[in-house]
Each structure stands twice: as structure tokens, then as C-alpha cells.
Amino acid sequence: KDYNAALEECSLVAPAAASYPLSLRAGITADGLYLRGRALAELNSPGAGAESVRAALAAAPASWERRAEAQALLEKLGR
């Protein structure tokens, strides 16, 4: 798994989300932030990973399918 490459790809998500319908943008942005948080956690940056996961949870719509997974990761990171 190339987590550094994943971080680079995650940085492209927010600009790309702007090209999608407004109703989908929050979920796409939350997905990118969550995946960035996972990659950072794997790269031994738990504080930065937790920050990104918190941002994902804040950006996500109420019906976001990764909400429970993101909350569990945040708990695992102890943040």
C-alpha cells in the first residue's frame, strides 16, 4: 500500500468534487478527508489523521455511509 501516493490523490478530491452536483459534493469531500485521515494514521501521524477524520465527519451529510467507520477510526486514534 502506497500511503504517500494516497495522500497526493486525496488532495485532488476537494477540487474534483466541485464538478459534481451540489447534492453529492459533501459526501465526496468527506470521503477524501476520511481516506486522507486513514493514510496519515498508517504513516504514523495519528494527530493529523484524527484532524482529517474530524473534518470528514463535520463535512459529511447526515446519511454518510462511512460515518460509523470514521467514528471508530477516531476512537482508535484516541482523539
Side-chain angles (χ1 to χ4, degrees):
K1 297 177 182 179
D2 187 350
Y3 294 107
N4 286 311
L7 285 175
E8 289 180 34
E9 296 296 322
C10 288
S11 70
L12 303 173
V13 172
S19 67
Y20 284 84
L22 187 58
S23 63
L24 300 177
R25 290 180 196 169
I28 293 168
T29 299
D31 284 342
L33 289 166
Y34 169 70
L35 294 173
R36 179 179 184 277
R38 284 187 56 187
L40 287 166
E42 291 293 335
L43 290 169
N44 294 318
S45 294
E51 182 179 325
S52 188
V53 173
R54 277 194 297 276
L57 288 165
S63 62
W64 188 45
E65 65 276 357
R66 288 189 166 162
R67 185 170 297 281
E69 187 179 338
Q71 289 170 329
L73 177 58
L74 201 55
E75 289 178 25
K76 180 181 174 185
L77 294 174
R79 305 293 169 153

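The shown structure was predicted, so the numbers you read here are calculated from the model rather than taken from an experiment.
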So which heavy atom on [X] is nearest to which on [Y], and how close?
X	Y	answer
Gly49	Leu77	C-CD1, 4.0 Å
Ser52	Leu33	OG-O, 2.6 Å
Leu43	Asn4	CD1-OD1, 3.6 Å
Tyr34	Ala56	N-CB, 3.6 Å

Give me the one residue out of Leu73, Leu35, Leu40 that meets side-chain contact (heavy atoms from CB on, under 4.5 Å) with Val53.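 Result: among Leu73, Leu35, Leu40, Leu73 is the only option passing the side-chain contact (heavy atoms from CB on, under 4.5 Å) with Val53.
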Spacing of CZ belonging to Arg66 relative to CG belonging to Asp31, to within rounding of 0.5 Å: 4.5 Å
hydrophobic_cluster_shared for Val13 and Tyr20, side chain cutoff 4.5 Å: yes
Please enumerate all residues that pass salt bridge (Lys or Arg N to Asp or Glu O under 4.0 Å) together with Glu69, with sequence neighbours excluded. Arg38
Is it true that a side-chain atom of Ser19 and a backbone atom of Ala16 form a donor plus acceptor pair closer than 3.5 Å? yes
